Structure formats: structure tokens, C-alpha cells
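Note sheet for the following structure.
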Amino acid sequence: MSTSIFLLWLVSIPLTIHATPNPHPPQGFLLNCGGGKLEQDSLTYLPDDKFIHAGNKTEIKQKGIVPLLSSVRYFPDVVEEKFCYQLPVNKGRKLLVKTIYYYGGFDGGTVPPVFDQIIDGTKWNIDTSKDYKDGGSSYYELVMVAHNKVLSVCFARNEHTTSDPFISAIEVLYLDDSLYNTTDFAKYALVTLARHSFGSHDTIIFPDDKFNRRWDEFVDINPVVTSHVPVTPTTFWNMPPAQVFENSVTASRGKSLVVNWPKFMLPKTYYYIALYFQDNRTPSPYSWRVFDVLVNGVMFFKNLNVTTSGVTVYSTAWPLEGNTTITMDPAINSPVGPIIAAGELFQLLPLAGITLTRDVAVMEDLRESFDKEPRDWHGDPCLPTDKSWTGVECSSGTNPRITSLNLTNVGITGSLPPSISRLTALSHLWLGSNKLTGEIPDLSSLQSLETLHLEDNQLQGPIPESLGKLPKLREVFLQNNHLKGSIPGSLKNKNGINLKVSPGNEVSS
């Protein structure tokens with residue numbers, strides 16, 4: 001299975017809203033991209049300026065759309081590799097990440113651009129043209145665990161991009177640990193494909209869902225019944241809102257209940273399925289239903305006993321392909337027919353990985369120490385592999401290491417932080433023809449270093465003794481700096497070394 005996703009469903013969201021007051025907003029970030037502070041759906045969205053340092057802002061001049069869709073941030077720069085939001089998060093916490101798009105012809109065109117969205121190191125293709133043609137906006141949503149203290153949400157051109165990538169809004173909200181907790185989030189994220197309240201004619205969002213998950217209405221030919229007793233969401237691992245149990249679809253006693261859900265074709269791969277049930281009747285000794293649950297004819301759960309308290313069944317990796325049918329076959333002695341209240345469907349998205357945390361920390365130190373560093377030095381330094389930071393080369397694998405740093409003649413100023421010595425997989429360090437100042441730090445930990453180019457800068461101090469002790473070092477260019485002292489004997493006498501220290505330094509041999 002490749003790290004690219006087979007299907008990422010674009011969910012249309014309305015252009016008008018009906019807000020309900022609520023005093024307890026979810027924790028995390030709600031960003032109105034390209035716009036100012038606003039209130040929508042009982043939530044406060046903030047400007048995005050402090051989380052990104054690239055892109056332009058503009059308004060969508062269209063009547064009748066919700067405020068959250070009335071502005072965009074877009075990225076006209078065709079040189080930089082990617083444009084990233086950097087959001088401080090709690091490492092190890094579970095997140096619901098949602099990106100919202102409404103084109104609105106902000107650039108004078110008629111068709112939205114196609115581009116890549118990258119969250120940490122994992123990317124997929126964004127194409128909102130069908131939803132926009134149908135008069136709607138779109139959102140992409142996934143459940144993931146924060147693997148670092150900073151979450152990057154990035155946008156980049158690809159071979160299909162003909163105009164500027166853009167974004168309308170971003171939500172990054174914390175989820176309780178119990179939600180979807182049987183998923184191996186070290187290897188996967190869950191991409192939302194469908195989340196429906198069966199028998200409902202209304203969409204359920206915040207404040208009814210405390211995490212601002214969106215439960216769309218789903219009505220088919222099956223009879224709808226109303227619940228006579230509320231459920232307690234906290235008794236369910238995934239904490240569905242109580243409102244999804246207000247209506248259910250059912251079948252007559254002795255009849256099977258068949259629900260064709262979702263109403264679109266699925267590619268052949270693995271999915272997380274969660275189904276929610278409640279007996280809708282007033283509690284009594286007869287308020288129970290027993291039935292088997294089958295998915296595409298395969299037993300999903302046998303002899304499910306559904307009471308007024310509610311129950312959920314799920315699979316963390318269920319194979320699906322094409323149309324999907326949920327069938328509920330009643331037990332012979334069940335007093336009433338099967339019933340179902342809601343369902344969630346996610347695609348398992350294999351993570352591309354993340355750069356080794358220690359290397360990421362060093363690169364963040366470098367970014368802070370350098371002035372005029374490349375503008376695309378945001379997001380994961382190595383991933384996706386075709387969108388690594390300017391000047392950075394990396395090893396392969398799910399936790400790549402930085403093996404080469406080449407920023408020759410790019411106009412950077414600043415100094416080299418001591419932490420650069422923790423890039424222990426580095427083979428080539430080329431920072432020549434810039435305006436670096438300060439001393440050359442101790443590089444004794446760089447046991448894989450083969451070439452070091454620091455020529456044509458403004459470095460001061462001595463040549464470190466440690467350079468001569470690096471076993472693989474074969475080329476050192478230090479000319480045209482302000483270095484002083486003597487060349488360490490261990491470096492000068494190193495077999496096969498190509499060493500240049502003059503002109504420009506006050507160094508004796």
C-alpha cells in the first residue's frame with residue numbers, strides 16, 4: 001500500500017449557518033485563513049497570521065456565503081517548495097485536523113486549482129472542483145496523533161497545478177484519548193469518508209458534538225423511529241453526540257434491515273467502521289433487540305444485543321470495495337426488528353513518516369540562528385521526499401535522517417549553533433559564500449562527515465581540533481574568513497585531506 005491515499009472524500013458544507021450558543025468551545029486552533037476574528041457555529045475563529053509567514057490574503061466577493069468562507073490565503077510564489085502553517089501542539093495527543101476550502105473565483109478564474117496538502121510528512125491531492133461546480137465548499141478531515149511538538153499543515157504545487165494553492169480555514173482540535181483508540185496511530189491516520197446520523201433530517205455539529213465533528217443526515221426507504229430515552233455519550237469510546245440517537249432506521253419484526261451506506265463507491269483497501277445502535281423504546285424488560293450485523297454479506301458482529309443504553313461495534317481494518325451494504329438479520333426470538341442510529345467510516349491512511357525528531361530540533365535551531373533562511377524551511381525537513389527543505393537531502397525510510405546540507409551562496413547571515421553537531425548522519429555540510437559570523441562549533445560528533453565547505457564567510461576564532469579527528473573527512477574549505485591561530489596537526493597531517501585555509505585567514509601552518 002502506498003503512502004498516497006486511494007480516496008479522500010470531499011464533504012460539501014453549507015453556505016449558510018444557524019448558530020447555537022455554547023460556553024465550552026473545543027480545545028485547539030480554529031483559524032480563519034486570510035481573514036479576521038469571527039464567530040460561527042458558536043465557535044470563535046482567529047486570524048491565521050501568527051502561524052504562517054507566506055502567502056497573500058484576499059476576500060471572496062460573493063453574497064450569501066458564511067463568514068468563514070469569505071476569505072482565503074493563497075500562495076502565488078512559484079519558486080518555494082511548500083507553504084506551511086506551524087501549530088504548537090501537545091506531542092502524543094490525538095487531533096482532529098480539518099482543512100476547509102471554498103474557491104469563490106478569488107483569482108478571477110472559474111475552476112479551483114489542484115494542488116497538494118501536506119500534514120507533517122504525509123501528502124495527498126486536493127481537488128475541490130466538483131464540489132465548487134455543484135455550488136458547495138469542501139473539507140478534508142483526519143484523525144491523527146501529534147508526533148512532534150509542532151504540527152505542520154502545508155500546501156504545495158504539483159504537476160497538475162495551474163494557479164495558486166489556497167485555503168479558507170483550518171481546525172486542529174484535541175480529541176479525548178478514548179476516541180478511535182484501537183488504531184495504530186504510529187503507522188496510520190484516519191481519513192473521514194462518511195459520518196451519518198441515520199433517519200435524521202438535520203446536520204449535527206458543535207455544540208451538540210463537543211469535538212465539532214460533522215454528522216450528516218441520512219434518510220433512505222427504511223422506517224424512522226424516535227428514541228424515548230437519552231444516551232450518555234461518555235459511555236462510548238468514540239463519544240458520539242446524544243443527538244445521533246434521537247432518530248434511527250429500523251425494520252419490522254422478523255425482517256432484515258438493509259442500509260446501503262455510504263452512497264458512493266469505495267476503492268479496494270482497508271477501513272475503520274464504527275456503527276452505533278440504541279433500542280428506541282421506553283425502558284422495560286422487553287426493551288432489547290438481538291440481531292447479527294453483516295457488512296457486504298460477511299459477519300461483522302454476531303448476536304448483537306441492543307438495549308436502551310446503546311451500544312457500538314467497530315472494526316479497525318475492514319476490507320471494502322465498491323458499494324457497501326450493512327445488513328442486520330434479527331434473531332428468531334427478537335421481539336422487534338433490527339435498528340441502527342449512526343455510522344462512521346474512515347480510510348486507513350499509511351503515514352509517510354516524519355524526520356527523526358532530534359534532526360528536526362537541530363534544523364529548527366538552525367532556522368532560528370540564520371537570518372534570511374530559505375522561505376520553505378517550514379514543515380517536515382525531509383518529507384514528502386519531493387518537497388524537502390531547500391538545500392536538505394535525507395536518507396530514506398519512515399524516520400529519515402538529514403545527510404546533506406547545501407546552502408552555498410544563498411545570502412544567509414547569522415551563526416552556526418552548537419546543536420549542529422547533533423546531525424550525526426550528516427555527510428556533507430556546505431555553507432560557503434554567505435555571511436556567517438561567530439566561531440566554528442565543535443563538530444566532533446559528526447562521525448559521518450566527508451566534506452565541509454565554510455569558505456567565503458565571516459567566521460572567526462580558531463580552527464577546531466575536532467575536525468582532524470573525524471574519520472571520514474576528506475575535504476575542508478575554510479578560506480576567506482577571519483579565522484586565527486594555527487592549523488591543528490591532526491587536520492593538517494590527515495591522510496588524503498583536501499584542505500584550503502588561505503587566502504583570507506590569519507592562520508599559521
Side-chain angles (χ1 to χ4, degrees), residues 5-14 96 98-101 124-128 130-131 133-134 136-143 179-180 183 188-205 209 211-224 238 240-241 243-245 247-251 256-277 293-301 304 312-328 338-349:
I5 158 177
F6 292 101
L7 171 71
L8 190 57
W9 197 252
L10 280 76
V11 187
S12 181
I13 59 179
L96 184 74
K98 184 187 299 182
T99 52
I100 301 172
Y101 301 90
W124 54 90
N125 183 261
I126 298 295
D127 185 353
T128 65
K130 184 180 185 303
D131 269 1
K133 183 179 179 180
D134 294 339
S137 57
S138 309
Y139 75 80
Y140 292 72
E141 179 186 282
L142 76 158
V143 179
L179 272 70
Y180 319 111
T183 302
Y188 299 97
L190 297 178
V191 180
T192 307
L193 296 188
R195 184 184 289 116
H196 286 97
S197 177
F198 299 136
S200 174
H201 290 273
D202 297 310
T203 298
I204 299 168
I205 54 174
D209 188 302
F211 306 110
N212 200 31
R213 293 172 297 182
R214 178 185 176 88
W215 301 77
D216 289 303
E217 63 271 17
F218 185 96
V219 178
D220 58 10
I221 62 174
N222 291 300
V224 177
N238 293 344
Q243 287 76 10
V244 303
F245 296 95
N247 294 292
S248 297
V249 295
T250 189
S256 294
L257 173 61
V258 179
V259 179
N260 296 311
W261 174 83
K263 293 181 178 179
F264 50 84
M265 301 279 286
L266 296 173
K268 184 178 181 179
T269 187
Y270 291 90
Y271 299 85
Y272 180 110
I273 305 173
L275 304 175
Y276 303 93
F277 309 84
V293 181
L294 299 89
V295 176
N296 289 343
V298 179
M299 186 64 66
F300 192 78
F301 198 96
L304 179 66
T312 181
V313 295
Y314 65 91
S315 172
T316 57
W318 190 270
L320 293 175
E321 180 182 11
N323 292 315
T324 306
T325 300
I326 313 295
T327 304
M328 288 144 279
I339 193 169
I340 186 169
E344 291 184 280
L345 179 66
F346 303 88
Q347 183 176 333
L348 291 177
L349 173 63

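Every value quoted in this text rests on a predicted model; they were computed, and no experiment measured them. The residues of the chain are indexed from 1 along the displayed sequence.
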Practice prompt. Check Asp127 against Tyr140 and note the closest heavy-atom contact, atom names and distance.
Written response: N-OH, 3.3 Å
Worksheet item: Hey, do the aromatic rings of Tyr188 and Tyr272 have their centres closer than 6.0 Å?
Response: no
Practice prompt. May I ask you to test the Val244-Asp209 pair for a side-chain heavy-atom distance under 4.5 Å?
Written response: no
Worksheet item: Looking only at heavy atoms, what is the nearest atom pair of Asn222 and Val249, with distance?
Response: CB-CB, 4.0 Å
Practice prompt. Side-chain contact test, heavy atoms from C-beta onward, threshold under 4.5 Å: evaluate it for Leu179 versus Arg213 and give yes or no.
Written response: yes
Worksheet entry | Closest non-hydrogen atom pair, Val224 against Gly199 | CG1-O, 3.6 Å
Worksheet item: Tyr101 and Asp131: side chain to side chain contact (heavy atoms under 4.5 Å, CB included), yes or no, with the steps?
Response: CA-CA 10 Å; Tyr101 301 90; Asp131 269 1; over 6 Å; no
Discussion item. With rounding to the nearest 0.5 angstrom, report the CD1 to OG1 distance, Ile339 to Thr250.
Written reply: 4.5 Å
Fill in: Shortest non-hydrogen contact between Ser200 and Val219, atoms and distance
O-CG2, 3.3 Å
Discussion item. Within the 4.5 Å heavy-atom criterion, are Pro240 and Phe245 side-chain neighbours or not?
Written reply: yes
Item to complete: Compare all side-chain heavy atoms of Val259 with those of Asp220 and state whether any distance is below 4.5 angstrom.
Response: yes
Worksheet item: Where do Ile100 and Tyr139 come nearest, in terms of heavy atoms and distance?
Response: CG1-CB, 3.9 Å
Worksheet item: Does some side-chain heavy atom of Leu190 sit less than 4.5 Å from a side-chain heavy atom of Gln347?
Response: no
Worksheet entry | For Trp215 against Gly343, the heavy-atom pair lying closest together | CZ3-O, 4.1 Å
Discussion item. Assess whether a salt bridge exists between Glu141 and Arg214, defined as any Lys/Arg side-chain N lying under 4.0 Å from an Asp/Glu carboxylate O.
Written reply: no
Practice prompt. Give, for atom CG of Leu345 and atom OH of Tyr271, the distance between the pair rounded to the nearest 0.5 Å.
Written response: 7.0 Å
Worksheet item: How many angstroms lie between atom CH2 of Trp124 and atom CD1 of Ile126, to the nearest 0.5 angstrom?
Response: 7.0 Å
Worksheet entry | Distance-only side-chain donor-acceptor flag, Tyr276 / Asn238, under 3.5 Å | yes
Worksheet item: When rounded to the nearest 0.5 angstrom, what is the spacing between NZ in Lys98 and OG1 in Thr192?
Response: 8.5 Å
Worksheet item: Do Thr324 and Ile273 have side chains that get closer than 4.5 Å, going by heavy atoms?
Response: no
Worksheet item: So, Asn296 side chain and Thr325 main chain: donor-acceptor pair closer than 3.5 Å or not?
Response: yes
Item to complete: Please round to the nearest 0.5 Å and tell me the distance separating atom CG of Leu142 and atom CG of Leu96.
Response: 7.5 Å
Fill in: Value rounded to 0.5 Å, distance of OH in Tyr314 from CD in Glu344
13.0 Å
Fill in: Side chain proximity check, Phe300 to Ile326, heavy atoms < 4.5 angstrom
no
Worksheet item: Do we see a donor-acceptor contact under 3.5 Å between the side chains of Thr203 and Glu217?
Response: yes
Worksheet item: Is there a donor-acceptor pair closer than 3.5 Å between any side-chain N or O of Thr312 and the backbone N or O of Leu275?
Response: yes
